[in-house]
Participant: 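For reference, the structure I am asking about is given below.
First listed ligand is number 1; within each ligand, the first listed atom is number 1. Values below: every heavy atom of this structure, side chains too, minus hydrogens, waters and symmetry copies.
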Amino acid sequence: MDDKVFVFDTTLRDGEQAPGNQLNMVEKIEIAKALELLGVDIIEGGFPISSPGDFDSVVQISKAVSNPIICGLTRAIKKDIEVAADALKYAKRPRIHTGIGTSYYHIHHKLQSNPEDILQRGVAAVKYAKSFVEDVEFYCEDAGRTDNEFLARVVEAVIAAGATVVNIPDTTGYCLPHEFGEKIKYLMEHVSNIDKAILATHCHNDLGMATANTIAGVINGARQVEVTMNGVGERAGNTALEEVVMAIKSHKLGLSTNIVTPHIMETSRLVQRLMKSPVQANKAIVGKNAFAHSSGIHQDGVLKMRENYEIIDPKDVGVKESSIVLTARSGRAALRHRLDLLGYTLTQEELDATYKEFLHIADIKKEINDEDLLVLVGKNKRAEKRAIHLDALQVICGKSMIPTATVSLSIKGKVQTESAMGDGPVDAVYSAIKKLFTKKIRLEEFLIQGFMGGSDDFGRVSVQIECENNYFYGFGVDTDIVTASAEAFVDAISKTLE
Ligand code: KIV
Ligand code: ZN
């Protein structure tokens, strides 16, 4: 049976206090409810004495959610503790999180005090908090840089005073994983009453070690992890919930959490949206590219067996499926797979032809999406049956130039070339094409549209022509809109020969 690791989420306290992450009350409640659904064990709702907004957020979150413990932060100061207790009065399971700095820096340069005084103040704060609530967590601020011997004395004293959880924050994100792991191990081995409380990790990411340090902590005996969604938080952020939870789930550490992992992605997106803080594309677990494969070798491997290049099933974190991003580096296997999903099963010959054209377009566009593929396949299918093909096209145009086009068409297998000038490049092309036919052709309608709206988009051209009192439609598509226009015209004229 796995040991349970409690997940303490501080997105709404440590996460929210970072610049730009501020939320209004409605948004905080929405996130708190999402965290409850996600299965977090504890929600830190705010620092009640710091502002009326933080006080109110602890009150409202206490009313809005029922399963998780609701926690309010305080300093080791009586007034802070009284205000936190007041803010927590509606919580079904309230917790006061009090504490004080224990490192040399904090004791001497922040609090202008000495170790004995700090120890006494810590103990007094726990005892006072205990007079309001049963569940009291104590944090040893800057524990990452605190001497282990002194830290063990503080931890032992606050547990004796009634602390149910003792938090060992790496406040400045200074520790290396082996150091942080050894710190937790030291406390597990040297604090005589450690069995009466749970040790918590609370790691910051200043050196990018927050997840590694947290995992080192739980491997060595910590049983609560303090985390935020997407790793939001002070400076470089806090430990990312999704990373720790999935590391615990992916490895056989004899540990488990209560997190309902398929809710991870939607919770992450909610936090990104409400905090207006999008995660980078390559962010572990929740980044846009976390399950996207773009190189041909990886795509081929993933299509043969997902596990070849994925250690997590995307569905397990609420991502519908891995994505095979079609780029100029993709191979035929990826193209065939995508076309199969779109309902096109091509012969090897058709695939080869489509792949050639795909590479041509992929060199121009960075990414090829489904719309592009449909156009590509549709275009190929139509073009291959035509009696007339656009063989080559050259256009000169621009400011102070007379638009001039030279067009070569393959008409029933014979290549013929003509040039013409016009009002604009398309007019010049159409005039050159018309010269290649004896029948009189009149352009009735011309429509050009983009697909997705980027400057690298396909241009789709629809035309209607009149020839000997009959009307014909043509369609052309290309990233080059003049070529698309020529293709559409040629498509329509071909129909006059059918
Ligand atoms: O990083 C830290 O030390 C904290 C404490 C207040 C728990 O956020
Ligand atoms: Zn913190």
Participant: If every non-hydrogen atom of Val191 is compared with every non-hydrogen atom of Ala152, which pair is closest and at what distance?
Facilitator: CG2-O, 3.7 Å
Participant: Please give me the protein atoms (N, O or S only) lying under 2.8 Å from the Zn ion (ligand 2), ordered by chain and number.
Facilitator: Asp14 OD2, His202 NE2, His204 NE2
Participant: Identify all pairs of nitrogen or oxygen atoms, one from ligand 1 and one from the protein, separated by less than 3.5 Å, and list them with distances.
Facilitator:
unit_1, atom_1, unit_2, atom_2, d
ligand 1, 1 (O), His202, NE2, 3.2
ligand 1, 1 (O), His204, NE2, 3.0
ligand 1, 3 (O), Thr171, OG1, 2.7
ligand 1, 8 (O), Arg13, NH2, 2.9
ligand 1, 8 (O), Asp14, OD2, 3.1
ligand 1, 8 (O), His202, NE2, 3.1

Participant: Quick check on the 6.0 Å ring-centre criterion: do Tyr174 and His204 meet it?
Facilitator: no
Participant: Listing request: all salt bridge (Lys or Arg N to Asp or Glu O under 4.0 Å) pairs with a residue in residues 33-43, at least two apart in sequence or in separate chains.
Facilitator: Lys4-Asp41
Participant: Compute the centroid of each ring, for Tyr139 and then for His202, and state whether the two points are separated by less than 6.0 Å.
Facilitator: no
Participant: Any luck finding a side-chain donor-acceptor pair between Thr11 and Thr228 under 3.5 Å?
Facilitator: no
Participant: Run Lys315 and Glu321 through salt bridge (charged side-chain N to carboxylate O under 4.0 Å, His left out) and show every step you take.
Facilitator: CA-CA 6 Å; Lys315 290 190 192 65; Glu321 57 191 0; over 6 Å; no
Participant: Would you call Arg336 and Asp340 a salt bridge, using N to O less than 4.0 angstrom?
Facilitator: no
Participant: Answer with yes or no whether the side chains of Thr214 and Thr239 bring together a donor and an acceptor at under 3.5 Å.
Facilitator: yes
Participant: What pairs with Ser57 under side chain to side chain donor-acceptor pair (under 3.5 Å), at least two apart in sequence or on another chain?
Facilitator: none
